[in-house]
Amino acid sequence: MAQRKKDGKYINLKIDRQIYDAFEKYAEEKGQTKTMALERILKEYLREHCAKEE
């Protein structure tokens with residue numbers, strides 16, 4: 001059975017090579033895709049920082 005399509009938005013960005021390498025290593029160590037890892041990192045960051053502003 002096919003996986004359900006995610007309601008998502010594509011982004012294209014350029015980041016420092018060292019940051020990318022560390023991020024890629026993090027995702028591999030966690031056993032996550034880079035998409036999954038970045039979504040979780042951003043969600044946590046935004047949850048923490050948006051809560052402080054309210």
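All heavy atoms count here, side chains included; hydrogens, waters and symmetry mates do not.
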Worksheet entry | Side-chain ion pair, K6 and E39, N-O less than 4.0 Å |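 The answer is yes: the pair qualifies as a salt bridge.
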Worksheet item: Thinking salt bridges, do K25 and E28 make one under a 4.0 Å N-O criterion?
Response: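 Not counted as a salt bridge, because no side-chain N and carboxylate O are separated by less than 4.0 Å.
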Starting at [atom1] of [X], measure out to [atom2] of [Y] and round the result to the nearest 0.5 Å.
X   : Y   : atom1 : atom2 : value
Q32 : L38 : CD    : CG    : 10.5 Å
K30 : M36 : NZ    : CE    : 13.0 Å
T35 : I11 : OG1   : CD1   : 8.5 Å
E44 : H49 : CD    : NE2   : 10.0 Å

Worksheet item: Can you list the steps and then say if Y20 with K34 is a side-chain contact (heavy atoms from CB on, under 4.5 Å)?
Response: CA-CA 10 Å; Y20 177 81; K34 289 187 286 275; 3.4 Å; yes
Discussion item. Run D21 and I19 through side-chain contact (heavy atoms from CB on, under 4.5 Å) and show every step you take.
Written reply: CA-CA 5 Å; D21 291 343; I19 294 170; over 6 Å; no
Discussion item. Apply side-chain contact (heavy atoms from CB on, under 4.5 Å) to residues I15 and F23 and explain how you reach the verdict.
Written reply: CA-CA 11 Å; I15 61 173; F23 168 66; 5.5 Å; no
Worksheet entry | Q18 atom CD, over 12 foreign heavy atoms within 6.0 Å |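 Open.
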